[in-house]
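See below for the structure under consideration.
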Amino acid sequence: MRASAMDSEMLRSLLDFSQSLAGNSRCLTYLRRELVRQLGLVLPGAGGHLALEPANAEDPIADAFGTAPKLDKAALIELLDAGRSAPGAEAIIMPVKDHWKQAFPPGTRCIAATPIQNATRCLGRIVAGFPTIEAAQSALSLMNAVGTLAGVHVANAQENEALATKARYVAEHDTLVTGLPNRQLLRDRARVTMNDGAPALLFLDLDGFNEINRRCGYAAGDAALEEVAQRWRQIVEREHPGATLARMGGDEFAVLLPSEEAAAVEALAAALLTALHEPLHSTGQPWLLRASAGISRASATENTVELLLRRAEEAMYQAKEAGGAQYAWASHTATPAEERSANG
């Protein structure tokens, strides 16, 4: 009768545990917090560590629960390696080593470790310290059940976050052709950059690009855009690692540069245009493309993303009207010569 009462109490605890985790399984950070809280409830008096091992990261993510102090990285990895068991194994009991004692509540004499797992892989470990072997043994079945339930919700949280990350990437990038950030992501980054300084913007358009589509087909046009993007990406990443190269749509591109001097922006524009002096080879035949660029910069009085984009695009059309294959400054923007004059 007493055993049945204990079983019923355990089942209620596990039900509460699972329901609580289910409400937080859309976000791994929230789930970790709730796991720590729940472990303190279902294992009262047993302080320890929750360690999750993300599939895309080498280092485990560790959280202390109960009265256990935070564990440093080296000790955590050693402890997890000692308690590591194949997926499907039940919780095990180990003696606590002297240099582990500082990671558990005072009086800890042994450790119980159980895997957090789903049907395919081990997702982490729960490691709890106990004052006696008897206390650890009595907690084994509960820890096994907790590890299994936690595995279900951790796997759900990881899958939800992966799906959200993928959806966000698709929404913010040109996934069909170039893989570059799209107009929306560039606008978002420009807003952030404007809070810290006066970013510059290069707006680029390929001259005569529609001729590739007309003569070679749209697949060749996409291949040309991809090759142009690769050339420009290499230059931007090498010369301005903090800049954002984006495909704005069609054959239009832009580069957002946080707080660069006008001469550096001009040098980048020249480098991007020069990169097209070599023929493209992705279209099925050698093809020379040119580009025109407009340069704009935010100022104290003109500091909205919309105005920054519009000014740069207007300057790009001025460059086209002047014959193309060149860059032009927006009328409100100081050129390198004007900057030197202003600085004396």
Side-chain angles (χ1 to χ4, degrees), residues 2-3 6-7 9-11 13-14 16-18 20-21 28-29 31-55 57-118 121-155 157-158:
R2 187 174 180 181
M6 290 178 63
D7 291 343
E9 184 177 346
M10 181 185 296
L11 288 174
S13 296
L14 291 175
D16 292 342
F17 180 84
S18 184
S20 177
L21 296 187
L28 189 58
T29 299
L31 183 66
R32 284 170 52 202
R33 293 174 184 170
E34 186 59 21
L35 266 170
V36 167
R37 190 180 77 85
Q38 287 293 328
L39 286 170
L41 295 176
V42 299
L43 297 172
H49 302 277
L50 163 73
L52 300 181
E53 303 178 32
E58 294 182 1
D59 296 335
I61 303 170
D63 297 287
F65 64 87
T67 57
K70 185 175 178 60
L71 195 61
D72 66 71
K73 178 180 172 182
L76 171 68
I77 292 175
E78 181 185 0
L79 185 59
L80 291 178
D81 286 342
R84 196 177 300 275
S85 54
E90 294 186 349
I92 59 173
I93 297 175
M94 304 175 290
V96 61
K97 295 183 179 180
D98 288 341
H99 63 286
W100 289 350
K101 288 182 179 180
Q102 64 204 25
F104 293 93
T108 295
R109 297 289 181 269
C110 61
I111 298 169
T114 189
I116 298 172
Q117 60 193 20
N118 65 1
R121 66 185 181 93
C122 183
L123 306 171
R125 297 287 186 279
I126 298 170
V127 184
F130 295 90
T132 64
I133 292 179
E134 291 75 17
Q137 289 175 335
S138 65
L140 277 180
S141 59
L142 177 60
M143 289 186 65
N144 276 328
V146 164
T148 300
L149 288 173
V152 172
H153 298 293
V154 169
Q158 289 180 343

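Note that the structure is a prediction, hence the values are computed from the model and not measured. For this chain, numbers begin at 1 and follow the sequence in order.
Here the CD1 atom belonging to Ile93 is positioned 7.0 Å from the CD1 atom belonging to Ile133, to the nearest 0.5 angstrom. Atom CG of Leu43 sits about 5.5 Å away from atom CG of Leu142, to the nearest 0.5 Å. Note that NE2 of His49 is 8.5 Å distant from CD1 of Ile111, once rounded to the nearest 0.5 Å. To the nearest 0.5 Å, the span separating CG on Leu50 from CG on Leu31 amounts to 8.5 Å. A distance of 12.0 Å separates CD1 in Ile116 from NE2 in His153, rounded to the nearest 0.5 Å. The CD atom of Gln117 lies 8.5 Å from the CG atom of Asn144; values are rounded to the nearest 0.5 Å.
Between Leu41 and Phe17, the closest side-chain pair of non-hydrogen atoms is not below 4.5 Å. Counting only heavy atoms from C-beta outward, the side chains of Thr114 and Val146 never approach each other to under 4.5 Å. Between Leu35 and Phe65, every side-chain heavy-atom pair lies at or beyond the 4.5 Å cut-off. Residues Cys110 and Met94 fail the side-chain proximity criterion, which asks for heavy atoms closer than 4.5 Å. The shortest side-chain heavy-atom distance between Leu21 and Val152 does not fall under the 4.5 Å cut-off.
In terms of heavy-atom proximity, Arg32 sits nearest to Ala62 at NH2-O, 4.3 Å. Residues Arg109 and Pro131 share a closest heavy-atom pair of CG-O, 2.9 Å. Minimum interatomic distance between Leu39 and Ile126 (heavy atoms only, all atoms of both residues): CD2-CD1, 4.0 Å. Summarising the geometry of Thr132 relative to Ala135, their closest heavy-atom pair is OG1-N, 3.0 Å, with the distance given to 0.1 Å. Between Gly47 and Phe104, the shortest heavy-atom contact is O-CD2, 3.6 Å. Summarising the geometry of Leu149 relative to Ser18, their closest heavy-atom pair is CD2-OG, 4.0 Å, with the distance given to 0.1 Å.
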Inset, instruction - Dump the intermediate steps for side-chain contact (heavy atoms from CB on, under 4.5 Å) on Val154 and Leu52, then the final yes or no. - result: CA-CA 9 Å; Val154 169; Leu52 300 181; 4.1 Å; yes
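Contacts of Arg37 classified as side-chain hydrogen bond (donor to acceptor under 3.5 Å, both in side chains), with partners at least two apart in sequence or in another chain: Glu34.
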